[in-house]
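Being a predicted model, the structure only gives us computed values, none of them experimental.
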Amino acid sequence: MRIALGIQYDGAAFCGWQSQPHGKTVQDALERALREFACVPLHTVVAGRTDTGVHGLGQVVHFDTDLDRAPFSWVRGTNAFLPHTVAVQWAQPMPEAFHARFSAFERTYYYALYVNAVRSPMLAGRAGWIHTPLDVDAMREAAAYLIGEHDFSAFRSSECQSKTPVKHLYQIDIRPQGDFIHFRFRANAFLHHMVRNLMGCLVAVGRGRYPVAWMAEVLAGLDRTQAAPTFMPDGLYLAEVGYPEEFGVPRAHTASVPWSAIWADDAANG
């Protein structure tokens, strides 16, 4: 039997998703909890591996098991053995054709950026921070160059294991709200550090360090060294993973972070 789980986690508490020998990753915590509950080892396959400090609102995993348990039992039983920084949101039996990674056709990330002369300790690990004002219109113009199918080598980590740097970036939305600027990135898939590297370049344009057209030059140059430094992970959230309707994967409960409400109307209309 194949079981899919929806997972939320505070990425600041972990060294990324993927299992490591030190055991301080989200996958390690989840698989320890599953082993405690199921009394057998269960290996999880994830929709998208997140970096150290990156949060999960709508992460999806699957595993195979011979155990026959009700969905609510997988949720409550696994959560009983998880730290407070991770929680299973839902569980659902899936056909063998379902694959958490390969069945997904799109991923959506949010980035919450706090713009204020002074940092807020209440937002530490929850939102990015910059102390200088940003030109939102310039960032939107620069983001337009990135939409479409491109070779995103200029925004790819040297540690990226993707077979190809070509991805289709469907959408970048940028919305100010009080002392925050909210970003939404939607693509078929993302490279390692891609969103954080895009953020670094957008912020550089927003600060006036580069003209809008510089973004097109960086993209065309395919050279990571010509782009801005990788931006901080604190405000980055894997918000949703898209699957074909035939699998009936539940929508992510993104309302667990307050700033996700800025995208709520879009979700309702979409």
Side-chain angles (χ1 to χ4, degrees), residues 1-109 160-163 187-190 192 236-257:
M1 178 181 295
R2 179 155 294 182
I3 302 294
L5 304 177
I7 312 292
Q8 288 193 355
Y9 50 88
D10 174 2
F14 298 97
C15 298
W17 170 268
Q18 190 172 14
S19 181
Q20 299 291 334
H22 53 59
K24 298 177 181 178
T25 71
V26 184
Q27 184 177 19
D28 290 318
L30 177 61
E31 292 185 358
R32 281 194 298 267
L34 286 168
R35 184 173 61 246
E36 289 289 335
F37 172 60
C39 299
V40 293
L42 294 171
H43 175 69
T44 58
V45 177
V46 71
R49 291 176 292 182
T50 49
D51 301 330
T52 298
V54 178
H55 311 293
L57 293 177
Q59 183 67 277
V60 177
V61 306
H62 83 254
F63 60 87
D64 294 324
T65 179
D66 294 329
L67 298 174
D68 185 9
R69 304 205 175 167
F72 77 89
S73 182
W74 284 111
V75 174
R76 295 180 184 178
T78 306
N79 283 343
F81 295 100
L82 281 169
H84 70 278
T85 47
V86 190
V88 177
Q89 302 296 300
W90 54 262
Q92 187 166 299
M94 288 290 178
E96 289 189 10
F98 176 83
H99 192 284
R101 178 183 175 191
F102 297 125
S103 296
F105 61 81
E106 68 176 25
R107 284 88 173 162
T108 300
Y109 280 87
C160 183
Q161 298 177 6
S162 177
K163 293 181 180 180
N188 66 329
F190 291 89
H192 188 202
L236 185 56
Y237 297 78
L238 174 57
E240 292 192 76
V241 182
Y243 293 97
E245 291 185 5
E246 64 195 75
F247 293 121
V249 176
R251 292 291 299 267
H253 184 59
T254 57
S256 52
V257 293

Give a yes-or-no answer on whether the side chains of [X] and [Y] include a donor-acceptor pair shorter than 3.5 Å.
X     : Y      : answer
Asp51 : His192 : yes
Gln8  : Ser256 : yes
Tyr9  : Thr50  : yes

Exercise. Is the gap between the ring centers of Tyr109 and Phe190 under 6.0 Å?
Worked result: yes
For this session: Please confirm whether Phe37 and Phe81 have ring centers closer than 6.0 angstrom.
Result: no
[atom2] on [Y] to [atom1] on [X], rounded to 0.5 Å:
X      : Y      : atom1 : atom2 : value
Thr25  : Arg49  : OG1   : CZ    : 11.5 Å
Glu246 : Ser103 : CD    : OG    : 8.0 Å
Gln89  : Gln59  : CD    : CD    : 12.0 Å
Leu42  : Leu67  : CG    : CG    : 7.0 Å

Exercise. After noting the C-alpha distance and the side-chain angles of Trp74 and Phe63, does the key distance pass the ring-ring contact (aromatic ring centres under 6.0 Å, His included) rule?
Worked result: CA-CA 12 Å; Trp74 284 111; Phe63 60 87; 5.1 Å; yes
Exercise. Does a side-chain N-to-carboxylate-O contact under 4.0 Å join Glu240 and Arg251?
Worked result: yes
For this session: Spell out, as yes or no, whether a donor-acceptor pair under 3.5 Å connects the side chain of Gln27 to the backbone of Thr44.
Result: yes
For this session: Going by the side-chain contact (heavy atoms from CB on, under 4.5 Å) test, name the single residue among Val61, Asp28, Thr52 that passes it with Trp17.
Result: Val61
